[in-house]
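Since we're looking at a predicted model, the values are computed, not measured. Excluded from the calculations below are hydrogen atoms, water molecules and symmetry mates; all remaining heavy atoms, backbone and side chain alike, are included.
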Amino acid sequence: MLPAFYRFVSDQIIDWQPEIVCLTGDIVDKTHCIEWIDDCFSRLAAPAGCYFILGNHDDRVADPEQVRQRMQSLGWTDVGGKVCVTSYRETKLLIAGNERPWFGSLPALDNEELDTADEATTFRLLLSHSPDQIEWARKQRVQLMLAGHTHGGHGRLPLVGPLLSPSHYGSRFASGEFYLSPTTMHVTRGLFGTHMQRIRCRPELSLLNLRQAVSDDASPILPSA
């Protein structure tokens with residue numbers, strides 16, 4: 001039976017009524033959890049769409065393609081290694097997914113179709129499972145990068161902070177908002193976890209409110225909840 005916690009998370013997202021929903025991987029941890037996907041995600045919808053990529057935990061199941069197929073059957077858009085071009089609120093959205101190093105190809109953000117897009121009215125959004133892809137995102141002129149994987153650091157001590165963060169950058173990007181021009185990156189602590197990684201590191205469901213920057217040199221304001 002689906003745990004009550006998963007229902008609570010879905011209910012919270014529905015109550016927020018977000019304009020877009022993004023999931024940056026680690027959808028399942030074991031093969032039997034694939035059967036929970038319908039109950040977890042079938043009720044979720046958003047005007048600008050629901051998008052997902054896979055993470056390293058999804059690679060632990062016998063066939064990760066089953067996870068992709070199940071999510072797509074519920075109306076979610078798979079952007080893993082791809083680019084989705086859409087429009088919302090008179091703004092062109094380029095929504096891409098980077099699943100490296102666990103899964104295949106990089107999204108082609110500079111193909112012919114995207115080069116002709118008006119940069120002034122195009123917003124580049126990247127779903128990346130790991131914050132380690134931040135430099136790649138900057139080179140691709142991504143404005144907002146959403147990431148996870150670090151779980152906020154595995155165990156956090158007063159003054160010391162995270163004891164372990166699975167990233168090339170150590171604990172630098174364990175969780176929170178970071179601005180490395182031209183990219184604002186939000187790294188969520190995520191909702192779940194085992195072992196010691198939730199010590200002083202509560203689960204997090206992020207709600208981001210985007211506001212236009214006051215100048216080209218300023219980062220967007222991205223408060224989270």
- Between K82 and D78, is there a salt bridge with N-O shorter than 4.0 Å? yes
- Answer yes when R100 and E135 have at least one side-chain N-carboxylate O distance shorter than 4.0 Å, and no when they do not. no
- Between the main-chain N or O of R189 and the side-chain N or O of E204, is there a donor-acceptor pair closer than 3.5 Å? yes
- Query: Counting N and O atoms only, with roles assigned by atom type, does the side chain of E19 sit under 3.5 Å from a partner on the main chain of A48, one being a donor and the other an acceptor?
  - Reply: no
Enter the distance from [X]:[atom1] to [Y]:[atom2] here, rounded to the nearest 0.5 Å.
| X | Y | atom1 | atom2 | value |
| --- | --- | --- | --- | --- |
| T150 | D132 | OG1 | CG | 9.5 Å |
| E99 | L106 | CD | CG | 10.5 Å |
| H57 | H129 | NE2 | NE2 | 6.5 Å |
| L44 | S10 | CG | OG | 5.0 Å |
| M185 | I134 | CE | CD1 | 4.5 Å |
| T183 | K139 | OG1 | NZ | 12.0 Å |

- Message: Test of understanding: with salt bridge (Lys or Arg N to Asp or Glu O under 4.0 Å), list the residues that count as partners of R60, not counting sequence neighbours.
- Response: D29
Can you check whether [X] reaches [Y] side chain to side chain, under 4.5 Å on heavy atoms?
| X | Y | value |
| --- | --- | --- |
| D38 | L74 | yes |
| N56 | D26 | yes |
| W76 | V21 | yes |
| T91 | T122 | no |
| I14 | R43 | yes |
| S167 | R172 | no |
| P131 | Y169 | no |
| M145 | Q133 | yes |

Where do [X] and [Y] come nearest, in terms of heavy atoms and distance?
| X | Y | answer |
| --- | --- | --- |
| G97 | I53 | CA-CG2, 3.7 Å |
| G148 | T24 | N-OG1, 4.0 Å |
| Y51 | T86 | OH-CG2, 3.9 Å |
| A147 | S130 | CB-C, 4.0 Å |
| F103 | P64 | CE2-CB, 3.9 Å |
| L109 | A96 | CD1-CB, 3.6 Å |

- Answer with yes or no after comparing the ring centroid distance for Y6 and W36 against a 6.0 Å cut-off, counting only values under it. yes
- Taking the six-membered ring for Trp, is the centroid-to-centroid distance between W102 and H149 below 6.0 Å? yes
- Message: Run the side-chain contact (heavy atoms from CB on, under 4.5 Å) test on I20 and I95 for me, step by step, so that the C-alpha distance in whole Å, both residues' side-chain angles and the decisive distance to 0.1 Å come before the verdict.
- Response: CA-CA 11 Å; I20 187 171; I95 305 171; 3.9 Å; yes
- Query: Should I27 and M71 be marked as a side-chain contact (heavy atoms from CB on, under 4.5 Å) after you check the CA-CA gap, both sets of side-chain angles, and the distance that decides it?
  - Reply: CA-CA 10 Å; I27 299 172; M71 293 294 291; 4.0 Å; yes
- Please determine if R70 forms a cation-pi arrangement with F41, meaning its NZ or CZ atom is less than 6.0 Å from the six-membered ring centre and no more than 45° off the ring axis. no
- Item | side-chain contact (heavy atoms from CB on, under 4.5 Å) between L146 and L208, intermediate numbers included | CA-CA 10 Å; L146 305 178; L208 305 182; 3.6 Å; yes
- Dump the intermediate steps for side-chain contact (heavy atoms from CB on, under 4.5 Å) on N98 and W136, then the final yes or no. CA-CA 10 Å; N98 187 327; W136 182 87; 3.5 Å; yes
